[in-house]
Amino acid sequence: MSVYKILLADDELALRFLLTETLSDEGYEITEVEDGQQAIEQLQKASFDLVILDYMMPERTGVEVCEWLRQSDNANRDLPVILLTAKALDKDKEKAKAAGVTTYIVKPFSPLQLLDTVGHLLES
């Protein structure tokens with residue numbers, strides 16, 4: 001069985017640590033970055049199976065990263081993208097959907113909820 005590779009972009013160190021530990025414990029290989037520009041740089045140099053982006057990050061937001069990814073000719077272009085956010089308004093969800101975000105998880109959320117979502121997206 002191959003190991004699924006996940007790019008995790010979040011500017012909050014404590015949350016990144018929690019998510020990396022949770023996902024690593026399930027056997028996923030995690031690459032962590034702390035802002036949207038670093039996420040784009042990683043997407044340009046490595047291939048992943050799934051991307052997890054925080055909505056509000058320095059340099060570029062998760063939505064901007066997703067827009068860039070969907071419009072690029074990058075090998076990761078069609079990957080599932082999970083957007084983590086405290087922005088639960090319909091207009092924010094519409095913006096994320098228009099950018100090509102696959103699914104949206106509103107903070108606060110349970111790490112188990114994230115694991116379920118990741119598992120579901122990687123299997124489908």
Side-chain angles (χ1 to χ4, degrees):
M1 180 185 116
S2 66
V3 174
Y4 287 114
K5 294 171 65 179
I6 297 175
L7 176 63
L8 170 61
D10 197 305
D11 58 325
E12 195 177 317
L13 181 61
L15 182 60
R16 231 178 29 244
F17 176 79
L18 173 68
L19 297 181
T20 295
E21 290 297 304
T22 301
L23 292 163
S24 295
D25 285 351
E26 294 298 311
Y28 297 115
E29 183 182 313
I30 310 302
T31 300
E32 286 182 49
V33 296
E34 60 189 45
D35 68 45
Q37 187 58 44
Q38 290 177 7
I40 288 173
E41 289 164 11
Q42 282 298 318
L43 287 162
Q44 288 174 322
K45 66 182 177 190
S47 57
F48 296 93
D49 298 297
L50 183 123
V51 182
I52 300 173
L53 302 169
D54 183 29
Y55 194 125
M56 300 302 294
M57 291 186 290
E59 304 305 323
R60 297 210 190 187
T61 67
V63 169
E64 290 169 339
V65 172
C66 192
E67 281 175 337
W68 170 85
L69 182 61
R70 297 301 190 222
Q71 293 169 6
S72 74
D73 58 0
N74 187 286
N76 293 304
R77 170 177 154 171
D78 298 321
L79 292 184
V81 174
I82 298 173
L83 188 70
L84 307 177
T85 184
K87 293 165 122 340
L89 298 175
D90 285 342
K91 68 179 177 117
D92 296 316
K93 289 182 181 177
E94 291 302 316
K95 191 173 178 184
K97 193 174 181 93
V101 167
T102 311
T103 194
Y104 198 94
I105 297 180
V106 178
K107 295 177 184 176
F109 59 88
S110 143
L112 295 176
Q113 176 190 4
L114 179 68
L115 281 177
D116 286 348
T117 302
V118 166
H120 174 74
L121 289 173
L122 289 172
E123 287 161 21
S124 58

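Along the sequence shown, residues carry numbers from 1.
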Interatomic distance, NZ@Lys93 vs OH@Tyr55, rounded to 0.5 Å, equals 12.0 Å
Leu84 versus Leu53: any side-chain heavy-atom pair under 4.5 Å?
-> no
Tell me, please, which residues at least two apart from Gln37 pass side chain to side chain donor-acceptor pair (under 3.5 Å).
-> Arg60
Could you check if a side-chain atom of Leu19 sits within less than 4.5 angstrom of a side-chain atom of Leu114, using non-hydrogen atoms only?
-> yes
Could you tell me the separation between the NZ atom of Lys45 and the CD1 atom of Ile40, rounded to the nearest 0.5 Å?
-> 13.0 Å
Is there a chain of hydrophobic side chains (I, L, V, M, F, W, Y, each step under 4.5 Å between heavy atoms) that links Ile105 to Leu23?
-> yes
Phe109, CZ: over 12 other non-hydrogen atoms inside 6.0 angstrom | yes
Which heavy-atom pair separates Val3 from Asp49 by the least distance, and what is that distance?
-> O-OD2, 3.9 Å
Tyr104 versus Asp92, closest heavy-atom pair with distance = OH-CB, 3.5 Å
Side chain to side chain donor-acceptor pair (under 3.5 Å) involving Lys107 - partner list, sequence neighbours excluded = Asp54
Please confirm whether the backbone N or O of Leu69 pairs with a side-chain atom of Ser72, one donor and one acceptor, at under 3.5 Å?
-> yes
Residue set satisfying side chain to side chain donor-acceptor pair (under 3.5 Å) with Asn76, at least two apart, ordered chain then number -> Asn74
Quick one: does Leu7's side chain get under 4.5 Å of Ile52's, heavy atoms only?
-> no
Should Leu15 and Leu13 count as side-chain neighbours, where that means a heavy-atom distance under 4.5 Å?
-> no
Below 4.5 Å, heavy atoms only, C-beta onward: do Thr61 and Val65 meet side chain to side chain?
-> no
Determine whether Ile30 and Leu43 fall in the same hydrophobic cluster, where Ile, Leu, Val, Met, Phe, Trp and Tyr are linked whenever their side-chain heavy atoms lie under 4.5 Å apart.
-> no
Side chain to side chain contact (heavy atoms under 4.5 Å, CB included), paired with Val81, selected from Val63, Thr103, Leu121, Thr102 | Thr102
Nearest-0.5 Å distance that lies between atom SG in Cys66 and atom NZ in Lys95 = 12.5 Å
Just wondering, do Val51 and Ile6 contact through their side chains at under 4.5 Å, heavy atoms?
-> no
Where Phe48 and Gln42 come nearest, the two heavy atoms and their spacing | CE1-O, 3.6 Å
More than 12 non-hydrogen atoms from neighbouring residues, nucleotides or ligands closer than 6.0 Å to CG on Asp25, yes or no?
-> yes
What pairs meet the side chain to side chain donor-acceptor pair (under 3.5 Å) rule with one or both residues in residues 5-16, with sequence neighbours excluded?
-> Arg16-Glu32
Considering only heavy atoms from C-beta outward, does the side chain of Val118 approach that of Tyr4 to under 4.5 Å?
-> no
Who are the side chain to side chain donor-acceptor pair (under 3.5 Å) partners of Thr22, not counting sequence neighbours?
-> none
Scanning both residues in full, the closest heavy-atom pair of Leu18 with Pro111 reads CD2-CG, 4.0 Å
Taking side chain to side chain contact (heavy atoms under 4.5 Å, CB included) as the test, write out the residues that go with Glu26, two or more places apart.
-> Tyr28, Leu115
Closest non-hydrogen atoms of Glu67 and Ala99, given as atom of the first, atom of the second and distance, are CG-CB, 3.4 Å
Considering all heavy atoms, the nearest Ala96-Leu83 contact | CB-CD2, 3.7 Å
Going from CG on Leu79 to OG on Ser47, what distance comes out if it is rounded to the nearest 0.5 angstrom?
-> 8.5 Å
